[in-house]
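Single-structure report; data block below.
Side chains are part of it too, since the values below use all heavy atoms of this structure and drop only hydrogens, waters and symmetry mates. Nothing here was measured: the structure is a model prediction, and the numbers come from that model.
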Amino acid sequence: MRPVLYQLAGVDVTQIHGIGPYLALRMIAECGTDLSRWRTAKHFTSWLTLSPGCKISGGRVLSAHSRKTTNRVAAHLRLAAVTVGRTNTALGAFYRRLAARIGKAKAVTATARKIAVLFYNAMRFGVDYQDPGATHYEQKYRERVIKQLHRRAAEFGFTLQAAVSVS
């Protein structure tokens, strides 16, 4: 099935974790092979109703929930996100980090959105997806947090030093 999908789409979208041959075929059937009708990945995820909403009245945010949908692709992407959450990949680490912080339901939608963006970039621009792995993702996240801590400490006039463990 993968060679036929590659011939049809021009890129191997099954390299993206969570997208198997069945889901790739469903997405190509629903969206087509030419994704240029969506100008950006944000437009594509909004069409899939995987992006956050923006109900604002009088400068006050009333709701930021994603819209309800009957879009079959969005439902399949959510199922793929749940499956990816149990893998030892960068997407799985992303899902687990979000699930611990904001809950599983929101983490599923956020991970499904990330998979949709990867699919869009692969189909529209021919970008090949190479998974860096969960350890690489965790290392990058740790570096970001440490950088933010250094910046916050500098704002208050402090410096951070790494703790030296005595063995």
Side-chain angles (χ1 to χ4, degrees), residues 1-54 63-148:
M1 190 73 177
R2 287 175 68 181
V4 175
L5 279 171
Y6 183 79
Q7 185 179 8
L8 178 67
V11 67
D12 189 13
V13 292
T14 58
Q15 292 296 317
I16 301 168
H17 292 283
I19 298 182
Y22 174 74
L23 181 58
L25 197 59
R26 291 290 299 227
M27 291 181 74
I28 290 171
E30 290 284 332
C31 307
T33 56
D34 181 26
L35 300 185
S36 62
R37 62 178 150 176
W38 295 283
R39 288 185 307 188
T40 63
K42 291 180 180 182
H43 289 96
F44 181 65
T45 57
S46 179
W47 176 75
L48 288 171
T49 65
L50 293 173
S51 59
C54 187
S63 173
H65 296 283
S66 55
R67 299 184 321 248
K68 292 190 186 306
T69 183
T70 58
N71 195 329
R72 293 180 296 266
V73 175
H76 286 296
L77 284 171
R78 283 187 169 94
L79 287 173
V82 171
T83 304
V84 162
R86 292 188 288 262
T87 62
N88 192 21
T89 61
L91 287 171
F94 173 78
Y95 171 83
R96 288 187 295 277
R97 184 176 64 84
L98 281 183
R101 197 178 78 218
I102 62 175
K104 290 188 184 244
K106 290 180 182 177
V108 164
T109 302
T111 308
R113 183 193 175 284
K114 190 168 268 234
I115 294 170
V117 168
L118 291 171
F119 174 79
Y120 177 85
N121 289 333
M123 291 295 291
R124 178 96 193 266
F125 305 113
V127 176
D128 286 333
Y129 176 70
Q130 298 294 325
D131 181 55
T135 55
H136 181 265
Y137 177 81
E138 294 293 339
Q139 179 64 29
K140 288 291 188 184
Y141 174 69
R142 186 174 188 276
E143 289 171 6
R144 275 196 317 266
V145 169
I146 291 171
K147 186 178 177 184
Q148 291 168 357

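Counting heavy-atom neighbours within 6.0 Å of E143 CD, excluding the residue itself, gives a total above 12. Within a 6.0 Å sphere centred on CZ of R144, other residues, nucleotides and ligands contribute more than 12 heavy atoms. The environment of R72 atom CZ is sparse: at most 12 non-hydrogen atoms of other residues, nucleotides or ligands sit within 6.0 angstrom.
When only modelled atom types and interatomic distance are considered, H43 and T40 share a side-chain donor-acceptor pair under 3.5 Å.
In this structure, the side chains of I19 and L118 stay at 4.5 Å or more apart for every pair of heavy atoms. Contact annotation: the side chain of D128 never approaches that of Q15 to less than 4.5 Å [non-hydrogen atoms, C-beta and beyond]. Residues L98 and F94 form a side-chain contact, since some pair of their non-hydrogen atoms from C-beta on lies under 4.5 Å apart. For the pair L77 and L23, the minimum side-chain heavy-atom distance is below 4.5 Å. The shortest side-chain heavy-atom distance between V117 and R113 falls under the 4.5 Å cut-off. The closest side-chain heavy-atom distance from D12 to L5 is not below 4.5 Å. In this structure, the side chains of V73 and F119 stay at 4.5 Å or more apart for every pair of heavy atoms.
Across every non-hydrogen atom of M123 and I28, the tightest pair is CE-CG1, 4.2 Å. In terms of heavy-atom proximity, G18 sits nearest to V84 at CA-CG2, 3.4 Å. A pairwise comparison of heavy atoms in I16 and Y129 identifies CA-CD2, 3.7 Å as the closest pair. Nearest heavy-atom pair across V13 and A122 is CG1-CB, 4.1 Å. Smallest separation of non-hydrogen atoms from T87 and R96: O-NH1, 2.8 Å. Nearest approach of L50 to A116, heavy atoms of both residues: CD1-CB, 4.1 Å.
Atom-to-atom distance recorded for R97:CZ and I102:CD1 is 9.0 Å, nearest 0.5 angstrom. Here the straight-line distance linking atom CG of L35 with atom CG of N121 works out to 10.0 Å at 0.5 Å rounding. Interatomic distance, E30 CD to L25 CG, rounded to the nearest 0.5 Å: 11.0 Å. In this structure, OG1 on T111 lies 13.5 Å from NE2 on H17, to the nearest 0.5 angstrom.
Side chain of R37 to backbone of C31: a donor-acceptor contact under 3.5 angstrom is found. Between the side chain of D131 and the backbone N or O of A90 there is at least one donor-acceptor pair closer than 3.5 Å. The closest donor-acceptor contact from the side chain of R124 to the backbone of R39 lies under 3.5 Å. With hydrogens and angles ignored, the 3.5 Å screen pairs a side-chain donor or acceptor of T45 with a backbone N or O of K42.
The aromatic rings of W38 and W47 sit tilted relative to each other, their planes meeting at an angle between 30° and 60°.
Annotation: side chain to side chain donor-acceptor pair (under 3.5 Å) contacts of Y22 (sequence neighbours excluded): R26.
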